[in-house]
Amino acid sequence: MKCRTLNTLPHRIFGQISCHFTSFVQPPAVHISSKAIRHNIQTRCLSTSWPWSSKSMVLPKGYNSIPAFHKKLLESKRILAVCGAGLSAASGLPTFRGAGGLWRNHNATDLATPDAFEDDPGFVWLFYAYRRHMALTVKPNPGHYALAALAEKNPDFLCLSQNVDNLHVRAKHPPSQLRLLHGSLFDIKCSNTPKCEYIERNNTADPFCPALSAASEDVEPGQTLPLLDPKHELAHIPASELPKCPECKTGIQRPGVVWFYEPLDKDMLDEIEAWINEDVVDMVLVVGTSSVVHPAAGYAERTRTKGKTSIVTVNMELDTQSKRKMREGDFFFIGDAAVLLPQLLEPVIGKLEV
Ligand code: BV8
């Protein structure tokens with residue numbers, strides 16, 4: 001949670017704090033004004049002594065020591081991984097926070113919603129058809145292969161991924177130890193979901209249908225694909241030109257991904273919960289994710305058993321939020337996941353030949 005100065009705290013929360021304060025500390029005679037409370041907390045927040053102020057954020061000893069990490073890895077039996085777009089960056093796929101955050105001046109997260117599809121299914125399909133084409137033209141990187149090798153070596157390793165690019169699968173990650181939290185670009189569902197449960201797995205047709213062929217064009221390096229140029233007018237694609245659901249014959253086929261405000265697969269979530277609760281998780285690998293999207297973002301801390309679980313982050317950036325969450329025994333390795341993971345996991349997977 002971003003450290004907010006009090007005046008950004010939603011008044012609802014502030015109200016609660018103050019009423020608590022007032023209800024808790026107010027002997028009949030004394031009245032503590034909310035202003036006083038606000039002032040009091042504000043000064044504490046900004047003071048260096050407040051536990052979460054920047055100066056007090058001392059990183060745990062050896063937090064980036066590879067030998068210390070290798071020792072912990074060899075002692076770790078149950079390992080969970082939570083992966084994000086940063087893992088596929090080295091394969092050439094844009095992240096959400098990076099350049100990929102905007103698609104034709106649209107926020108990728110705005111396009112990844114049921115409303116956007118309802119408003120203009122043709123446009124949203126172009127967005128997904130382009131990402132399908134990109135994901136088909138790139139290859140898994142050593143980061144994907146290192147995680148797949150860890151799964152081969154350690155049956156008590158479970159990999160949760162937010163990525164819909166299918167690169168874990170193409171890196172032959174054992175399916176029983178992989179959970180694609182947000183679905184796949186290559187699964188096709190019906191827009192009448194959940195009423196219509198039609199689903200087609202592993203559809204790699206490119207273009208997905210004739211109306212979307214613009215998304216499957218390639219241009220010479222240095223050239224800009226017209227599709228990506230917001231100044232390039234796009235012909236509207238009516239819903240009638242998009243394939244209908246072969247089962248209910250009414251819905252439009254849609255990408256088999258989980259959009260914002262849509263629930264994740266309940267059976268899968270229950271299964272992950274059960275795996276986490278089975279026993280102490282010795283290590284959580286948090287790889288290439290900004291840990292903003294829930295429920296994925298909550299798994300690392302949720303899994304932590306104080307003093308036993310080591311949370312190990314691999315990311316290009318060590319931001320304040322991550323610093324603040326670090327505890328004794330945690331690790332943080334700054335760099336490219338495709339380079340770091342083979343090194344970090346070598347004591348278990350050996351030298352990765354890919
Ligand atoms: C739901 C599929 C409930 C589609 C995606 C609790 C608190 C606050 C909000 C919520 C909450 N619970 C639920 C919400 C709402 C919402 C949410 O989390 N909102 C956020 C924005 C605050 N969550 C949902 O809506 C979820 N559904 O809660 O349903 C419900 C229950 C009942 C009934 C109705 C509803 C659904 C969320 C799933 C959305 N779908 N993807 C598609 O892909 O198009 S999310 C999508 O965005 C990705 O899958 C991923 O999850 C996310 C992007 O995040 P990252 O992968 O982390 O990528 P990012 O670019 O952000 O960061 C990359 C990182 O890598 C950076 O840190 C960078 O430094 C690093 N990096 C870069 N290069 C490298 C690197 N690291 C290493 N090496 C490199 N080379």
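Basis for what follows: all heavy atoms, side chains included, without hydrogens, waters or symmetry-related copies. Counting starts at 1 for both ligands and their atoms, in listed order.
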Q: Could you see which bit of Leu264 sits under 4.0 Å from ligand 1, with heavy atoms only: side chain, backbone, both or neither?
A: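 Just the side chain.
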
Q: Just jot down the ligand 1 atoms closer than 4.0 angstrom to any heavy atom of Tyr261, in number order.
A: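 Counting from 1, the qualifying ligand atoms are 24 (C), 25 (O), 34 (C), 35 (C).
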
Q: Can I get a per-line list of side-chain donor-acceptor pairs under 3.5 Å for residues 212-222, giving both atom names and the distance, sequence neighbours left out?
A:
unit_1: Ser213; atom_1: OG; unit_2: Pro210; atom_2: O; d: 3.0
unit_1: Ser216; atom_1: OG; unit_2: Asp206; atom_2: OD1; d: 2.5
unit_1: Asp218; atom_1: OD1; unit_2: His133; atom_2: NE2; d: 2.5
unit_1: Asp218; atom_1: OD2; unit_2: His133; atom_2: NE2; d: 3.4

Q: So for Thr109, does at least one of its heavy atoms come nearer than 4.0 angstrom to any atom of ligand 1?
A: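 Contact check Thr109 vs ligand 1: negative.
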
Q: I need the contact type for Glu262 against ligand 1. Using non-hydrogen atoms and a strict under-4.0 Å cut-off, is it side chain, backbone, both or neither?
A: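 Only the backbone of Glu262 comes within reach of ligand 1.
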
Q: I'd like to know whether the aromatic ring centres of Phe333 and Tyr63 sit less than 6.0 Å apart in this structure.
A: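 No, they do not, as the ring centres are separated by 6.0 Å or more.
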
Q: Say whether His182 and Ser161, considering side chains only, have a donor N or O and an acceptor N or O under 3.5 Å apart.
A: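 No, Ser161 and His182 have no side-chain donor paired with an acceptor closer than 3.5 Å.
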
Q: Report yes or no: is the cationic atom of Arg179 (NZ for Lys, CZ for Arg) under 6.0 Å from the centre of the six-membered ring of Trp275, at an angle within 45° of the ring normal?
A: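 Not flagged: Arg179 not positioned over aromatic ring of Trp275.
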
Q: Test Arg201 against Asp187 for salt bridge (charged side-chain N to carboxylate O under 4.0 Å, His left out), laying out the working first.
A: CA-CA 4 Å; Arg201 303 270 182 206; Asp187 290 348; 2.8 Å; yes

Q: Between Ser290 and ligand 1, which residue portion shows a heavy-atom distance shorter than 4.0 Å: side chain, backbone, both, or neither?
A: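 Within the 4.0 Å criterion, Ser290 contacts ligand 1 through backbone and side-chain atoms alike.
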
Q: Taking distance alone, with no angle check, do Phe127 and ligand 1 share an N/O pair under 3.5 Å?
A: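 It does not: no N or O of Phe127 is found under 3.5 Å from an N or O of ligand 1.
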
Q: Taking 4.0 Å as the limit for heavy-atom contacts, which would you say applies to Pro263 with ligand 1: side chain only, backbone only, both, or neither?
A: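 Both the backbone and the side chain of Pro263 come within reach of ligand 1.
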
Q: Using a 4.0 Å cutoff against the non-hydrogen atoms of Ala85, which atoms of ligand 1 qualify?
A: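 What qualifies from ligand 1 is 55 (P), 56 (O), 58 (O).
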
Q: Would Val258 count as a polar contact of ligand 1, with the cut-off being nitrogen or oxygen pairs under 3.5 Å?
A: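 In this structure, Val258 places an N or O atom under 3.5 Å from an N or O of ligand 1.
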
Q: Taking the six-membered ring of Trp125 (Phe, Tyr or Trp), confirm whether the NZ or CZ of Arg132 is under 6.0 Å from its centre and within 45° of its axis.
A: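 Ring-cation test returns no.
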
